[in-house]
Amino acid sequence: MAILSLDGLSKRFGGLQAVDNVSFCVQQGAIKALIGPNGAGKTTLFNLISGFIPPDSGTITFDGSPVQRLRPHQVAARGMARTFQHIRLFPKMTAIENIMVGRHVHGRAGFVAGMLNLPFTWKEERLIREQSLEVMEFLGIADLAGAEATRLAYGQQRIVELGRALACGPRLLLVDEPAAGLNMRETAEMASLISRIRDRGVTVLLVEHDMSLVMNISDEIVVLSYGQKIADDQPLAIQKNREVIRVYLGEEHAAD
Amino acid sequence: MNIDLFFQYIVAGLTYGTIYAVVAIGFNIIYNATGIINFAQGEFVMLGGMTAVTLHQILPLPLAILAAVIITMAVGALIEILFIRWLDRPSVLRMVIITIGISILIREASLHIWGEGVRALPYFTGSSETSIRLGGVFVSPQVLWVVGISAVMVILLNVFFTYTLPGRQMRACSANRDAARLCGINAKNMVTLSFVLSAGIGALGGSIVSPITYVQYDSGTQLAIKGFTVAILGGLGNSAAAVGAGMILGVLESFSIAVLPAAYKDVISIAILLLILFVRPSGIFGSSEAARLSEF
Amino acid sequence: MRPKHLQMIGFLGLVVAIQLVTRATDSAYHLTQLTMTAYYSLLVIGLCMLIGYAGQISLGHAGFFSIGGYIAAYLTTHDLSAHKGAAFVALFAKAGLLRTRPDLYGGDLLTVQPWAACLAALAVTAVVAYLVGGPVLKLRGHYLAMATLGFGIIIYRIVLGTTALGAADGISDVPGFSLLPGIEVSGNSSLRVMNYYIAWGLVAAGMVLLLNLIHSRVGRALASIHGAEDAADAMGIPTARYKLKTFVLSAVFAALAGVMLTHYNGGIGPSEASVMKSVRYVAIVAIGGMANLWGALFMSLGLNYLSLRGYFGTYDDAVFGGILIVIMLFAPDGLLRKQLLSDVRRLFAGRTAGGGA
C-alpha cells in the first residue's frame with residue numbers, strides 16, 4: 001500500500017522548471033531513495049512534499065488525503081517529519097531539548113496552561129522528556145542529552161536532527177542527505193540507523209548522494225534529472241538502467 | 001471642490017511629495033550599499049535645515065545651504081565611521097536599534113543646540129505672499145525652487161551612478177559586494193560614501209523645503225517614516241520609482257486634509273505604509289525570499 | 001527548592017527591603033516613582049517575552065499601553081448622565097457596570113465602573129493586537145520594525161488629535177480603582193505603601209506567569225521558532241499562531257500597565273503614546289539581555305526609577321538613545337548575562353596579547 005503518492009507534480013522558479021511532472025509512490029514500510037545529479041530538483045521535491053513551497057500543479061497524497069495545500073506544520077501534524085540538508089538544529093538549546101521540540105505535536109499544554117503551570121502539564125513534560133530520552137537511546141546518543149546541540153560534532157548533530165524528526169512519531173520520515181559531510185564509518189552508522197528506523201515501522205524517503213548508502217539500504221530508487229523522473233525501480237535494476245548511467249557517467253559509458 | 005482648489009491641493013501634494021522622495025532616495029542609497037535601513041535618515045534632513053538656518057545669520061543664502069550640506073555630510077561620514085564601519089556582519093535587528101539610537105542622539109543634540117523653536121530659511125525669491133500664476137493656480141515661487149533643485153539633484157545622482165568611477169563602484173558593491181572587493185574596490189569606503197551622499201541629499205532637501213514646511217528638532221521622525229513609505233511604495237532600492245511614489249503619497253496626503261481633520265494627516269500616510277506592507281509582503285521582502293530559496 | 005523559586009523569593013525580599021529602607025530613612029516619597037516604575041516594568045517584561053523569546057521586535061508598545069490607559073480613563077471619567085434615557089445606559093446600569101460618584105464641583109457623575117472599564121480596555125487591546133499582529137508579524141527585520149513604529153505613531157496621532165480624548169492635555173481626574181474593598185489603586189498619598197505593594201505584587205504575578213510560560217511546552221516552541229523558524233515549522237509548530245499569541249499577550253501586559261498607571265496617576269496624556277516611550281522600552285529589554293526576563297526587570301527597575309526621579313535631567317531621552325547604541329555595539333546580548341565576566345577577561349587578555357605581539 002502506498003503511504004505517499006505524487007501525481008504530476010510540477011514547480012517552476014522563474015525560468016527554471018525545477019520539478020517537471022513527477023509522479024511516484026512510496027510503499028508503506030519501505031525505504032525509498034531519491035537520487036539524481038546536482039540541480040536535479042531533489043530538494044525542491046522534498047520542500048514540495050513537506051509543504052515548504054506550494055506546487056504549481058499536481059497532487060501529493062499522504063495517507064489517503066491530499067496535502068499539497070497544507071502548511072509545513074500541518075503536514076508535520078499528520079505524521080510526516082523531515083530533516084534538512086543543511087543542519088537546522090535550534091541554537092542555545094540542549095540536544096534533548098531539541099528532540100523534545102519534536103514531541104510538540106503530541107502535547108496539548110497551550111499558553112494558558114503553561115502560564116498557570118497546571119498540574120497536567122507537569123505530567124506531560126515528564127512524559128515528553130522520557131519519550132525524547134528513549135529516542136536518544138534508540139539512536140545511541142543518550143549520553144549527549146545535556147550538551148548544547150549546535151556545539152556537538154557534525155556527525156552527532158546529524159543524528160540529533162534525525163532524532164528530532166523521529167520524535168515527532170512520523171509514519172513517513174523525509175531524510176535530506178543524511179550522509180553529507182560524514183566520513184565512511186559515520187556513513188555506515190547512519191545507514192544502519194536508517195534501516196533500524198524502517199524496522200520500527202517508519203517509512204523512509206531519502207535524498208542522498210552517497211551511492212553505497214543508497215544501494216545498500218533502499219528498497220526502491222527514483223532517479224531525477226533536470227526535474228524529470230527518468231527511472232523508478234529496484235537498486236539492481238537502477239544500476240543497469242542505461243538512461244541512469246548516461247545521466248550520471250555520460251554517453252560513452254551508456255553505450256558499453 | 002472647484003477646479004482651482006483641486007489644483008491647489010495637487011501643487012501642495014507635489015511639494016511635500018518632493019521632499020518625501022528626497023528622503024526615500026537617501027534610504028535607497030544606503031540600502032543599496034549596505035542592506036541597512038537607516039532610521040536616522042529623517043534626522044539628516046532636519047540637521048541640514050537647522051544648520052542652514054543658523055548659518056544664514058552670517059552667510060549669504062547659497063553659501064549657508066552649501067555649508068549646511070557639507071557639515072551634514074561630515075556628520076554622515078562620522079556616524080558611519082563611529083558606529084557602522086567596524087561591525088562584522090551585524091544582524092538586521094542590531095542595525096535597526098543602532099540607527100534608532102543614532103536618530104535619538106542627533107535629535108536630542110539638536111534640541112540642546114537649537115531648542116524647541118520652529119525655524120525656516122527665508123523664501124529664496126519673493127516672500128510667503130508672492131505667488132506666480134500658472135494657469136488658474138497660484139504657486140509660490142519656493143515650490144518651483146524645491147521641485148527644480150530636486151529634479152537637478154536626481155539627474156546629477158543618475159549621472160554620478162552611471163558615468164563616474166565611484167558611482168559605478170558603489171553600484172558594483174550593491175550588486176555583489178564580495179565580487180566588487182575582489183576587483184579591488186574598497187567596499188567599506190563605499191559604505192561611508194553612501195552615508196555621505198545620503199546625508200548630503202537629505203540636508204539639501206531639508207534646506208530648500210524649510211521655508212514652506214518649517215523645521216524643528218523633532219521633524220525627522222515623521223519624515224523618516226514617510227520617506228520609508230515612499231521607498232517601499234516605489235520598491236526598496238529603486239530611486240527613480242521613489243520620485244513617482246513620493247508624488248503619489250504627497251498628493252494623497254494633501255487630499256486627505258480635505259476629508260479628515262489635519263491632525264490625522266500622518267495617520268493617513270502611515271496607514272498607507274501599513275497597507276502596502278500587508279498587501280504585498282512577498283513583493284517587498286525579496287531578501288528573505290531569496291534567503292529561503294538559496295536552500296532549495 | 002528550585003533556583004526559580006529562590007530568584008522569586010529574592011526579588012520579593014528586595015521589594016520589601018526597599019520599602020523598609022524608605023521607611024527607615026523617612027523617604028517614603030520615593031515609593032511614588034517606584035510604583036510607577038513597577039507599572040512600566042509590567043510592560044517591559046511582556047515586551048521582553050515578545051522580543052527575547054518569540055524573536056519579534058515591536059516599536060509600538062507605547063501604543064498598546066495608551067490604548068489601555070485611555071480607554072480606562074475615558075470610561076471612568078466620561079459622564080453618561082446626559083444619556084440617562086438611552087437604552088445602552090439602562091442596560092449597563094442593570095448589569096452593574098455603572099456607578100455614580102461626586103465630581104469636583106459637587107455634582108454627580110455617572111460613569112463606568114473601573115473594573116468594567118479595565119476589562120473593556122484589556123479586551124479592546126487584545127482585539128487590536130490580534131488584528132494588527134496578524135499581518136504585521138508576517139513581516140521581518142526592517143519591515144516589522146517600521147510597521148510597528150507606524151502603528152505606534154498612528155495611536156500617538158489619534159490620541160493627540162482627538163478632542164474627546166483631551167488632545168494635547170490628555171484625560172485627567174481619573175478616579176482610583178478599588179480592586180477589592182479596602183484595596184485601591186490611586187495616587188492618594190495615604191495609600192502610598194499599599195499601592196507600592198499592589199504594583200510590585202502585579203509585577204511578581206506577571207513574572208510568575210511568564211517564567212512558567214518560558215519553561216513550558218509553549219516556551220520551548222517559541223525558543224525553537226526564534227532559533228530556526230523553518231525547522232520549528234517542520235516539527236509541527238504553527239509558528240505564525242504562536243508569534244501572534246505572544247504579541248497579543250505582550251500587548252495585554254502593556255494595556256494592564258496603562259490601565260493601572262492611569263488610575264494611579266489620576267490621568268494620562270499623549271506623551272505616554274510617543275515613539276520615544278516605545279523605543280525606551282525596547283532599550284530596556286535590550287540592555288537586560290533580550291531573552292532574559294530577570295535582566296529586563298532589573299534594568300527596568302533601575303532605569304525607570306532614575307528617569308522618573310529626574311536623574312537624567314534634560315538628557316533623559318538621550319540617555320536611552322545612548323544606551324541603545326552602546327549596548328548594541330558592544331554587548332548585543334545585553335549586560336546581565338553569565339558570560340559577561342569571561343568576556344571582560346578575554347577583552348583584557350586580548351589586549352595584553354596584542355600588546356606583546
Quick one: what part of C/I158 sits under 4.5 Å from any heavy atom of chain B, side chain, backbone, both or neither?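 It is both, since atoms from each part get that close.
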Side chain, backbone, both or neither: which part of C/V326 has a heavy atom under 4.5 Å from chain B? neither
Looking only at heavy atoms, what is the nearest atom pair of [X] and [Y], with distance?
{"X": "C/H142", "Y": "B/I37", "answer": "NE2-N, 3.3 Å"}
{"X": "C/G161", "Y": "B/Y264", "answer": "O-OH, 3.7 Å"}
{"X": "B/E108", "Y": "C/T314", "answer": "OE1-O, 4.1 Å"}
{"X": "C/G321", "Y": "B/L105", "answer": "C-CD2, 4.2 Å"}
{"X": "B/R94", "Y": "C/M328", "answer": "NE-O, 2.6 Å"}
{"X": "C/L139", "Y": "B/L277", "answer": "CD2-O, 3.6 Å"}

Heavy-atom pairs under 4.5 Å with chain C, option from B/T99, B/L111, B/I102 with the top count: B/I102
Leading residue by heavy atom contact count with chain C [cutoff under 4.5 Å; candidates B/I270, B/T229, B/I36, B/L87]: B/I270
In the structure I gave you, are the side-chain heavy atoms of [X] and [Y] within less than 4.5 Å of one another anywhere?
{"X": "C/Y143", "Y": "B/L236", "value": "yes"}
{"X": "C/M276", "Y": "B/I104", "value": "yes"}
{"X": "C/K138", "Y": "B/F278", "value": "no"}
{"X": "C/I57", "Y": "B/I97", "value": "yes"}

More than 12 heavy atoms from other groups under 6.0 Å of CZ on C/R241: no
For B/Y214, I'd like to know if atom OH has over 12 heavy atoms of other residues, nucleotides or ligands within 6.0 Å. no
Side chain, backbone, both or neither of [X] within contact of chain C (heavy atoms, under 4.5 Å):
{"X": "B/V96", "answer": "side chain"}
{"X": "B/L274", "answer": "side chain"}
{"X": "B/F228", "answer": "side chain"}

Should the ring pair C/Y315 and B/H112 be called parallel, tilted or perpendicular, given that the plane angle runs from 0 to 90° and is split at 30 and 60? parallel
Assess whether side chain to side chain contact (heavy atoms under 4.5 Å, CB included) is satisfied between C/V282 and B/I100, documenting all intermediate values. CA-CA 11 Å; C/V282 173; B/I100 287 177; over 6 Å; no
I need the residue from C/I51, C/I323, C/T162 with the largest number of non-hydrogen atom pairs under 4.5 Å to chain B. C/T162
